[in-house]
Amino acid sequence: MTASTTDKADAQRPVLGRDFSRLWWSAAVSSLGDGATIAAAPLLATRLTDDPRLIGAASVAFTAPFLLFGIPAGLLVDRIDIRAMMVRVDIGRAVLLAVLTAGILGGWGGLPLLYVCMFLLGTGEVLSRNAAQVLVPFITPRAGLSTANARIMAAQEAGTGFIGPLVGALMFGVATALPFGVDAATFLCSAVLISRISRTRPVEHKPDSTGVMAEMLAGAKWLFSHHLLRSLALVSCLINLAGSAMLAVLVVHSGKVLGLGPFGFGALLACQAVGAVLASRFAPALTERLGREGALVATAVLITTSEAVLAAVPSMYAAGVALAIFACGTVTWNVVVVVLRQTLVPQHLLGRANSVYRLVAWGGLPVGAAAGGFVAAEVGTRAVFGAGAVVMAVVAMGLLVGARRRWITRAEPAPPPTEAD
């Protein structure tokens, strides 16, 4: 009986293939270095200034490209070889981090250099993440999309949220420049792995006779005409606004309120990975059990709870639990909405529609980071978390109304692409 059950489970498990494995390893390796930078960048800022607004500006610099370059990035992704672009972006980010490392070692790595590097790293992130999400449907079977996206998110969260921050905080204590140099090396490894992916999306782009602007607007017109995806983009913007404000001031909160040093801050960031990895492991099953509407309502409740705990309980243990809950909610949300975009958007518009979605959704990141810094400077970090809890409570109520109307279940998937596409 046990053997037959195991055989049945193995038969139902989607085979994702070697190309997906290479993409997964690329995400895992580069995320490890990113986690080190995520911990080290705000720590570097705190060594250069004690102003929460200037510390939060590092997060603003990193997230601003999501708002500025979202639509052009989508057009670029729809026009060129995705695999080649991802390799070039990774090499560029490796060079950029090498410059930052040299600046710190040479004594000229101040706040201006940090802001410039974070801005350019964010620009690379816009291009790379958009390209990766467009690439996944071309290298994995449709039945395996939920599993593939969940595994990539698990790798990213384990690296950026758990191993990377802990290692980055330790390395920062040894040498300020070390975590940035390690991140540069991980991007080079990622570039090698992506270059070995054998399949990519065919480049069959036919320029629109009406011009580049019309091509960029085509994705926006399609997305904003789709009620479900338009609504999810707006909700994602609010979630990102609350989450970005929280994370932008977390380093200040951990030092001034919780009394933690660099390693303690890294440990707090690592707590996110506990919830994130669990969510990425069980999100597909949870979505199947609760339905996509129910899963999204549950994520909003989890994020609301995490912000409320941070605001109400000034304890490092409570903060660790809250961050794990926060990551659990955000990863589950991403698993559901990324698969929806990959299945509902016509493939010839996927890069542009995806970029417009990200433009709206990620537009909340720089706004939240800036707002968090100013609020923290005026009334303290706990007020930032309290405001985030209020925003997320409103989001949860709105999602509950949508769930009762079965708004996702009623959405019609896009027809499969024809040869003309």
Side-chain angles (χ1 to χ4, degrees), residues 14 16 20 23 27 66-67 69-78 82 86 125-153 156 201 215-240 279-280 283-284 287-288 291-293 295-296 299-300 329-365 399 402 407-417 421:
L16 302 179
F20 174 79
L23 182 63
F66 304 152
L67 183 62
F69 305 131
I71 293 180
L75 177 61
L76 186 62
V77 166
D78 277 340
I82 297 175
M86 292 176 70
E125 190 76 359
V126 172
L127 291 168
S128 184
R129 288 220 174 187
N130 198 338
Q133 286 191 0
V134 173
L135 181 60
V136 167
F138 289 91
I139 64 175
T140 57
R142 188 182 182 95
L145 283 178
S146 290
T147 300
N149 285 294
R151 289 182 183 176
I152 288 178
M153 289 176 194
Q156 291 172 337
R201 187 199 53 193
E215 286 191 72
M216 288 195 293
L217 292 177
K221 289 178 180 177
W222 190 95
L223 181 73
F224 286 114
S225 68
H226 197 286
H227 174 72
L228 172 63
L229 294 182
R230 180 181 71 238
S231 300
L232 289 177
L234 294 172
V235 173
S236 296
C237 178
L238 292 176
I239 294 174
N240 285 332
S280 61
T287 302
E288 184 176 350
R292 289 171 293 186
E293 292 95 347
L296 293 186
T299 65
T330 55
V331 169
T332 303
W333 175 275
N334 287 335
V335 169
V336 175
V337 300
V338 167
V339 173
L340 280 172
R341 294 205 304 271
Q342 290 171 341
T343 54
L344 292 176
V345 180
Q347 289 190 343
H348 70 284
L349 284 173
L350 187 54
R352 282 166 285 174
N354 200 37
S355 68
V356 175
Y357 184 100
R358 286 182 176 275
L359 174 66
V360 176
W362 287 6
L365 293 175
L399 288 172
W407 64 333
I408 296 179
T409 303
R410 292 184 304 170
E412 296 183 0
D421 292 331

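Keep in mind that the numbers below use all heavy atoms, side chains included, and drop hydrogens, waters and symmetry copies.
Across all non-hydrogen atoms, the minimal contact from Val336 to Ala295 is CG2-CB, 4.3 Å. Shortest non-hydrogen contact noted between Ala300 and Leu399 is CB-CD1, 3.7 Å.
Atom CZ of Arg341 and atom CG of Leu228 lie 11.5 Å apart (nearest 0.5 Å).
In this structure, the side chains of Met86 and Leu23 come closer than 4.5 Å at one or more pairs of heavy atoms. By the 4.5 Å heavy-atom criterion applied to side chains, Leu296 and Leu232 are counted as neighbours. Side-chain atoms of Phe20 and Leu135, non-hydrogen and from C-beta on, never get closer than 4.5 Å to each other. Side-chain contact between Trp333 and Val235 is present, with heavy atoms from C-beta onward closer than 4.5 Å.
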| request: Using the side-chain contact (heavy atoms from CB on, under 4.5 Å) rule, take Phe224 and Leu229 through it: C-alpha gap first, then chi angles, then the decisive distance, then the call. | output: CA-CA 8 Å; Phe224 286 114; Leu229 294 182; over 6 Å; no

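Asn240 places no side-chain N or O within 3.5 Å of a backbone atom of Gly364 that could act as its donor or acceptor partner. Listed for the Ser128 side chain is no donor-acceptor partner under 3.5 Å among the backbone atoms of Glu125.
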